[in-house]
Amino acid sequence: MNRNEIYEQLRKFPYDPEQYWIITGAAMVIYGLREQTHDIDMGCSKEMADLLERDGYQCVISPKGRRSFRIGELIEVFENWICDEPVEIEGYQVISLKGLLEMKRGLGREKDLRDIRLIEEYMKENEV
């Protein structure tokens, strides 16, 4: 999905945009760090996680006791997964670059190491 396709999916998403924030690959596309992503990962408030569960979405509980939900084929929502504070971009909350960098460092997978380099370069070039 490119940026326009991400925004199209978000416009269709029937939940309050104040209760969730965009993270990982989709955030990188929104910031212009990547052209494409496979899906949209989000963090959400406890209240939204409660609502998703009430609406019948099955959850998986992490070892830390946080819930995650698969919404269709393109969206995955993680309860209270955030580093730093989200920023608003085009009407949606998106993890900050500092938070994205921290999150990617915490994940530490091979693909995250490549993303870390992209984020660091972008922050350096844009004096963020």
Side-chain angles (χ1 to χ4, degrees):
M1 276 184 288
N2 63 30
R3 182 182 290 138
N4 290 336
E5 292 166 326
I6 290 169
Y7 285 134
E8 182 180 318
Q9 290 298 316
L10 294 175
R11 281 190 293 277
K12 293 178 191 176
F13 193 62
Y15 295 93
D16 180 359
E18 294 297 314
Q19 296 296 313
Y20 64 84
W21 48 90
I22 311 308
I23 57 175
T24 62
M28 292 190 69
V29 173
I30 289 171
Y31 279 111
L33 296 166
R34 275 203 215 151
E35 292 290 318
Q36 300 265 332
T37 189
H38 298 291
D39 60 5
I40 301 171
D41 290 336
M42 302 175 174
C44 77
S45 66
K46 178 191 179 313
E47 293 77 17
M48 183 171 157
D50 292 343
L51 182 56
L52 290 170
E53 202 165 353
R54 278 195 307 270
D55 285 352
Y57 291 102
Q58 289 210 306
C59 70
V60 174
I61 300 178
S62 75
K64 293 182 178 182
R66 296 183 188 153
R67 296 170 284 181
S68 66
F69 304 85
R70 179 71 107 172
I71 314 292
E73 303 224 353
L74 297 176
I75 297 176
E76 194 162 5
V77 182
F78 301 88
E79 181 180 18
N80 289 323
W81 194 20
I82 187 74
C83 298
D84 198 30
E85 294 291 319
V87 296
E88 187 174 313
I89 300 176
E90 297 191 39
Y92 295 98
Q93 294 189 88
V94 181
I95 190 171
S96 70
L97 285 169
K98 178 183 167 191
L100 183 57
L101 187 57
E102 186 178 332
M103 186 176 282
K104 289 288 189 175
R105 284 182 177 146
L107 291 168
R109 303 168 297 192
E110 183 64 35
K111 68 180 184 174
D112 297 309
L113 299 177
R114 289 189 303 270
D115 291 344
I116 288 167
R117 287 190 293 278
L118 287 173
I119 297 164
E120 287 175 337
E121 287 173 21
Y122 180 87
M123 291 175 77
K124 188 182 209 180
E125 289 171 6
N126 293 283
E127 298 179 12
V128 177

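Side chains are part of it too, since the values below use all heavy atoms of this structure and drop only hydrogens, waters and symmetry mates.
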Visitor: Atom CE in M42, atom CZ in F69: separation rounded to 0.5 Å?
Guide: 13.0 Å

Visitor: Checking W81 side chain against S68 main chain: does a donor-acceptor pair fall under 3.5 Å?
Guide: no

Visitor: Answer yes or no: is there a side-chain heavy-atom contact under 4.5 Å between R66 and I61?
Guide: no

Visitor: Does one hydrophobic cluster hold both V60 and L74, with members joined at side-chain heavy-atom distances below 4.5 Å?
Guide: no

Visitor: With a 4.0 Å cut-off, would you call E120 and R105 a salt bridge?
Guide: yes

Visitor: Between K46 and D50, is the closest basic N to carboxylate O distance under 4.0 Å?
Guide: yes

Visitor: Hey, are the side chains of E88 and Q93 touching, using non-hydrogen atoms and a 4.5 Å cut-off?
Guide: no

Visitor: Does any N or O in the side chain of Q36 come within less than 3.5 Å of the main-chain N or O of M1, such that one atom is a donor and the other an acceptor?
Guide: yes

Visitor: Under 3.5 Å, side chain of E5 to main-chain N/O of N2, donor-acceptor pair present?
Guide: yes

Visitor: Between D112 (side chain) and R109 (backbone), is there a donor-acceptor pair under 3.5 Å?
Guide: yes

Visitor: Treating R67 as the side-chain partner and E79 as the backbone partner, does any N or O pair qualify as donor plus acceptor under 3.5 Å?
Guide: no

Visitor: State, with a plain yes or no, whether a side-chain heavy atom of P86 is found less than 4.5 Å away from one of V94.
Guide: no

Visitor: Kindly give the heavy-atom pair with the smallest separation between A49 and C44, and that separation in Å.
Guide: N-SG, 3.8 Å

Visitor: Can you see which heavy atom on M103 is nearest to which on T24, and at what distance?
Guide: SD-CG2, 3.8 Å

Visitor: Would you check if the side chain of Q9 reaches a backbone N or O of I40 as a donor-acceptor pair within less than 3.5 Å?
Guide: no

Visitor: Side chains of L97 and D84: does their closest heavy-atom pair fall under 4.5 Å?
Guide: no

Visitor: Closest heavy-atom contact between I30 and R3?
Guide: O-NH2, 2.9 Å

Visitor: Work out which heavy atom in L100 is nearest to a heavy atom in A27; give both atom names and the distance.
Guide: CD2-CB, 4.4 Å

Visitor: Hey, would you say the F13 and Y20 ring centroids sit under 6.0 Å apart?
Guide: yes

Visitor: Closest approach of V87 and S96, non-hydrogen atoms and distance?
Guide: CG1-CB, 4.3 Å

Visitor: With rounding to the nearest 0.5 Å, note down the distance linking CD1 in I75 to CD1 in I22.
Guide: 8.0 Å

Visitor: Within a strict 4.5 Å, meaning less than it, do heavy atoms of the S45 and Q19 side chains meet?
Guide: yes

Visitor: Should K98 and E102 count as an ion pair when the cut-off is N to O under 4.0 Å?
Guide: no

Visitor: I want to check something: taking the side chain as every heavy atom from C-beta on, are I71 and E76 in contact at a cut-off of under 4.5 Å?
Guide: no

Visitor: Looking at every heavy atom in both E53 and C59, which two are closest together, and how far apart are they?
Guide: OE2-SG, 4.0 Å

Visitor: Using a 6.0 Å cut-off, check whether atom CD of E47 has over 12 heavy atoms from anything other than its own residue.
Guide: yes

